[in-house]
S.K.: 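The structure under discussion is supplied below as structure tokens; questions concerning it will follow.
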Amino acid sequence: MTLIDLSEVRALATDLGRTTKVVEREADRVLERGALGVKNAMVEDARASHDGHARRFAGSISYDRRYGVGRLGYEIGPDKDRPQGALGNLLYFGSENNAPTLDIEAGLIEEEPRLMSEMAKMLERVMDGA
């Protein structure tokens with residue numbers, strides 16, 4: 001009869017359970033910094049592109065945390081409840097008669113390498129500490 005010692009497997013499972021909670025907390029911090037970076041890029045773009053008719057539009061850009069069980073995320077963009085926030089659809093997507101004047105993805109594309117780098121560093125720190 002062969003006996004298998006599962007104590008190390010159990011210890012690993014316990015460590016991974018703890019690590020998951022740490023990763024979720026730390027990933028949220030990294031994602032929030034990334035969301036702020038995207039938001040700031042969108043605000044800068046809006047200010048640089050629209051100083052006339054839509055000069056208050058940049059102030060409508062914000063971010064909100066969206067989460068659920070096992071899910072982290074941020075929604076970034078104009079808030080329609082803020083002054084000129086409803087112009088977002090027109091400025092980012094255009095209309096039948098007007099081309100878009102802002103790029104809704106530029107801030108995300110700019111932030112993505114930093115976000116991925118910070119996420120990798122965070123995972124390395126967490127796994128080294130586990």
Side-chain angles (χ1 to χ4, degrees):
M1 173 189 239
T2 304
L3 294 176
I4 299 172
D5 181 7
L6 295 178
S7 61
E8 289 182 20
V9 173
R10 286 189 194 102
L12 177 62
T14 300
D15 286 346
L16 290 176
R18 284 190 208 116
T19 301
T20 300
K21 292 174 185 167
V22 173
V23 167
E24 284 180 4
R25 183 180 65 240
E26 295 300 315
D28 188 43
R29 289 180 183 161
V30 172
L31 286 174
E32 185 168 15
R33 284 192 301 270
L36 179 60
V38 172
K39 177 211 160 231
N40 289 342
M42 291 175 78
V43 167
E44 287 177 30
D45 185 34
R47 284 192 177 133
S49 300
H50 293 281
D51 58 353
H53 297 299
R55 67 181 183 275
R56 296 174 67 195
F57 174 71
S60 75
I61 299 171
S62 64
Y63 69 91
D64 292 313
R65 186 172 188 245
R66 299 284 186 235
Y67 58 94
V69 176
R71 196 180 93 225
L72 300 170
Y74 286 83
E75 183 177 293
I76 309 157
D79 181 340
K80 291 183 180 183
D81 293 330
R82 292 184 177 187
Q84 294 191 332
L87 289 174
N89 288 340
L90 180 63
L91 297 174
Y92 285 117
F93 304 110
S95 70
E96 184 177 329
N97 298 315
N98 298 296
T101 58
L102 295 175
D103 183 354
I104 198 166
E105 295 178 338
L108 179 61
I109 291 168
E110 181 183 321
E111 186 65 30
E112 182 183 21
R114 282 189 295 269
L115 178 66
M116 298 308 289
S117 173
E118 290 302 313
M119 196 65 74
K121 290 177 192 174
M122 178 275 300
L123 287 170
E124 190 173 317
R125 276 192 316 271
V126 169
M127 296 312 289
D128 285 347

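In what follows, every heavy atom counts, from backbone to side chain, and hydrogens, waters and symmetry copies are set aside. Just so you know, these numbers come straight off a predicted model, no measurement behind them.
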S.K.: For a quick test of reading the model, state the closest non-hydrogen atom pair linking Leu72 to Ala27 and the distance between them.
M.R.: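 For Leu72 versus Ala27, the nearest heavy atoms are CD1-CB, 4.0 Å.
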S.K.: Sequence neighbours left out, what passes side-chain hydrogen bond (donor to acceptor under 3.5 Å, both in side chains) with Asn98? Give chain and number order.
M.R.: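 Expected list: Ser95.
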S.K.: Is the count of non-hydrogen atoms from other residues, nucleotides or ligands lying under 6.0 Å from Arg25 atom CZ greater than 12?
M.R.: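 Enclosed: over 12 neighbouring heavy atoms sit under 6.0 Å from CZ of Arg25.
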S.K.: Treating Ile, Leu, Val, Met, Phe, Trp and Tyr as nodes and any side-chain heavy-atom pair under 4.5 angstrom as an edge, say whether Leu115 and Tyr67 lie in one connected cluster.
M.R.: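 They do not share one cluster, since no chain of ILVMFWY contacts under 4.5 Å joins Leu115 to Tyr67.
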S.K.: Can you tell me how far apart CG (Asp103) and CD (Glu110) are? Round to the nearest 0.5 Å.
M.R.: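 Reported value, rounded in 0.5 Å steps: 11.0 Å.
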S.K.: So, do Val38 and Tyr63 sit near enough that their side-chain heavy atoms are less than 4.5 Å apart?
M.R.: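 When only atoms from C-beta onward are counted, Tyr63 and Val38 do not touch, as no gap falls below 4.5 Å.
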S.K.: Kindly say whether Ala46 contributes a backbone atom to a donor-acceptor pair with the side chain of Ser49 at under 3.5 angstrom?
M.R.: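 Such a contact is absent between Ser49 side chain and Ala46 backbone.
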S.K.: Using a 4.5 Å cut-off on heavy atoms from C-beta on, say whether the side chain of Leu102 contacts that of Met42.
M.R.: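 A side-chain contact is absent here, since even the closest heavy-atom pair is not under 4.5 Å.
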S.K.: Applying side chain to side chain contact (heavy atoms under 4.5 Å, CB included) to Leu87 and Gln84, what does each step give before you reach the verdict?
M.R.: CA-CA 6 Å; Leu87 289 174; Gln84 294 191 332; 3.9 Å; yes
S.K.: Let me confirm one number: the OG-CE distance from Ser117 to Met122, rounded to the nearest 0.5 Å.
M.R.: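 Reported to 0.5 Å precision, the distance equals 11.5 Å.
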S.K.: Quick one: closest heavy-atom pair of Gly107 and Ala41, and the distance?
M.R.: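 Minimum heavy-atom separation between Gly107 and Ala41: CA-CB, 3.7 Å.
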S.K.: Please identify each residue that fulfils salt bridge (charged side-chain N to carboxylate O under 4.0 Å, His left out) with Arg65, with sequence neighbours left out.
M.R.: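 Arg65 satisfies salt bridge (charged side-chain N to carboxylate O under 4.0 Å, His left out) with Asp28 only.
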S.K.: Answer yes if Val30 and Leu36 sit in the same cluster of Ile, Leu, Val, Met, Phe, Trp and Tyr residues linked by side chain heavy atoms under 4.5 Å apart, and no otherwise.
M.R.: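 Same cluster.
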S.K.: Take Glu124 and Lys121 through the salt bridge (Lys or Arg N to Asp or Glu O under 4.0 Å) test and state the conclusion after the steps.
M.R.: CA-CA 5 Å; Glu124 190 173 317; Lys121 290 177 192 174; over 6 Å; no
S.K.: Calculate, to the nearest 0.5 Å, the distance between atoms CG and OG1 belonging to Asp45 and Thr101 respectively.
M.R.: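 Here the rounded value is 8.5 Å.
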S.K.: Please determine whether side chain to side chain contact (heavy atoms under 4.5 Å, CB included) holds for the pair Ile61 and Arg82, giving the CA-CA distance in whole Å, both sets of side-chain angles, and the decisive distance to 0.1 Å.
M.R.: CA-CA 9 Å; Ile61 299 171; Arg82 292 184 177 187; over 6 Å; no
S.K.: Salt bridge check, Arg47 against Glu44: does any charged N sit closer than 4.0 Å to a carboxylate O?
M.R.: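 Looking at Arg47 together with Glu44, the answer is no, because their closest N to O distance does not fall below 4.0 Å.
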S.K.: Salt bridge or not for Arg29 and Glu26, using N-O below 4.0 Å?
M.R.: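 So Arg29 pairs with Glu26 through a salt bridge.
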S.K.: Enter the distance from Asp79:CG to Ser60:OG here, rounded to the nearest 0.5 Å.
M.R.: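 Asp79 CG to Ser60 OG: 7.0 Å, rounded to 0.5 Å.
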S.K.: Are Val43 and Ile109 co-members of a hydrophobic cluster defined by side-chain heavy atoms under 4.5 Å apart?
M.R.: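 The answer is no; the residues belong to distinct hydrophobic clusters.
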S.K.: Determine, for Lys21 against Glu24, whether the closest basic-nitrogen to carboxylate-oxygen distance falls under 4.0 angstrom.
M.R.: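 Here Lys21 does not pair with Glu24 in a salt bridge, since their nearest N and O are not under 4.0 Å apart.
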S.K.: Is any side-chain heavy atom of Pro83 closer than 4.5 Å to a side-chain heavy atom of Phe57?
M.R.: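 Result no, sub-4.5 Å side-chain heavy-atom pair not found.
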S.K.: Are Tyr74 and Lys39 packed together at the side-chain level, in the sense that at least one heavy-atom pair is separated by less than 4.5 angstrom?
M.R.: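 The answer is no; the side chains never approach within 4.5 Å.
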S.K.: Which distance, rounded to the nearest 0.5 Å, do you find between the CG of Leu108 and the CD1 of Ile76?
M.R.: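 One finds 7.0 Å between CG of Leu108 and CD1 of Ile76.
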